[in-house]
Amino acid sequence: MFIIDLNYLVPLEQLDEYIVAHRQYLDKYYNTGRFIASGAKIPRTGGIILSLAGSAEELEQIITEDPFYQHNLAEFKITQFLTSKHHPALADLLK
């Protein structure tokens with residue numbers, strides 16, 4: 001499992017020009033099962049995406065498709081972690 005930590009590099013007004021395209025990108029990877037949760041940080045300085053990718057390298061490639069990445073609107077940090085405990089409702093998802 002991975003955490004993608006986004007930190008915005010531009011004012012929100014500039015970022016909002018690409019929010020629809022960013023959400024379409026997210027939807028693409030929700031549909032493939034690669035993304036499992038996402039949302040904005042509070043305060044709105046960036047966002048978080050939880051991902052089930054095969055490797056960090058695969059995830060790095062996926063990130064290059066994000067309009068926020070393509071237009072240098074955010075920096076992306078990937079953290080991999082091993083799920084040692086989880087809520088029972090996530091058992092099927094985390095197999």
Side-chain angles (χ1 to χ4, degrees):
M1 183 172 279
F2 298 87
I3 299 168
I4 305 169
D5 185 358
L6 288 78
N7 287 301
Y8 301 148
L9 301 173
V10 298
L12 293 176
E13 299 78 29
Q14 185 177 349
L15 187 85
D16 285 341
E17 295 176 35
Y18 296 92
I19 197 73
V20 171
H22 173 70
R23 289 180 179 153
Q24 290 170 338
Y25 156 79
L26 292 174
D27 288 344
K28 174 182 177 180
Y29 285 101
Y30 274 110
N31 290 333
T32 68
R34 290 297 185 237
F35 292 169
I36 57 172
S38 61
K41 295 178 186 177
I42 299 174
R44 194 173 167 210
T45 59
I48 298 290
I49 303 170
L50 297 181
S51 176
L52 294 172
S55 66
E57 293 77 19
E58 176 189 3
L59 197 52
E60 288 170 0
Q61 180 60 40
I62 289 170
I63 287 170
T64 66
E65 297 178 35
D66 189 332
F68 289 0
Y69 177 90
Q70 293 173 343
H71 297 281
N72 200 35
L73 305 175
E75 61 183 3
F76 293 73
K77 179 182 175 188
I78 298 172
T79 302
Q80 183 174 8
F81 71 98
L82 298 174
T83 307
S84 58
K85 288 189 70 84
H86 57 78
H87 189 279
L90 298 176
D92 287 340
L93 182 66
L94 297 177
K95 283 183 182 176

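We're numbering straight along the sequence, starting at 1.
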How would you list all residue pairs meeting side-chain hydrogen bond (donor to acceptor under 3.5 Å, both in side chains) that involve residues 3-17, not counting sequence neighbours?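 Residue pairs with at least one partner in residues 3-17: D5-K41, N7-K41, D16-R44.
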Between Y25 and F35, is there a side-chain heavy-atom distance shorter than 4.5 Å?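 Sidechains of Y25 and F35: in contact.
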Note, I3 side chain near L50 side chain (heavy atom, < 4.5 Å):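 Of all side-chain heavy-atom pairs linking L50 with I3, at least one is under 4.5 Å.
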Hydrophobic cluster membership, with links at side-chain heavy-atom distances under 4.5 Å among I/L/V/M/F/W/Y: are L15 and Y18 in one?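 Yes, same cluster.
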Enumerate the residue pairs fulfilling salt bridge (Lys or Arg N to Asp or Glu O under 4.0 Å) with a member in residues 50-61, sequence neighbours excluded, ordered by first and then second residue.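 Output for this query lists R34-E58.
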For S38, side chain to side chain contact (heavy atoms under 4.5 Å, CB included) partners two or more places apart: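 Side chain to side chain contact (heavy atoms under 4.5 Å, CB included) check on S38 returns L26, Y30, I49.
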Tabulate below the donor-acceptor pairs under 3.5 Å that side-chain atoms of residues 67-85 make, not counting sequence neighbours, or state none.
residue	atom	partner	partner atom	Å
Q70	NE2	T64	O	3.2

Show me the pairs that pass ring-ring contact (aromatic ring centres under 6.0 Å, His included) and involve residues 39-62, at least two apart or across chains.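 Matches after skipping sequence neighbours: none remain.
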Hey, could you give me each pair passing ring-ring contact (aromatic ring centres under 6.0 Å, His included) that has a residue in residues 37-56? Not counting sequence neighbours.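 Non-adjacent pairs meeting ring-ring contact (aromatic ring centres under 6.0 Å, His included): zero.
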Among residues at least two apart in sequence or on other chains, which ones pass side-chain hydrogen bond (donor to acceptor under 3.5 Å, both in side chains) with E65?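 Scan of E65 (side-chain hydrogen bond (donor to acceptor under 3.5 Å, both in side chains), adjacent residues dropped) gives K28, Y29.
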What distance do L9 atom CG and T45 atom OG1 have between them, rounded to the nearest 0.5 Å?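 Reported value, rounded in 0.5 Å steps: 11.0 Å.
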So, taking the atom named CG in D27 and the one named NE2 in H22, what distance separates them when rounded to the nearest 0.5 Å?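 It is 10.0 Å, given to the nearest 0.5 Å.
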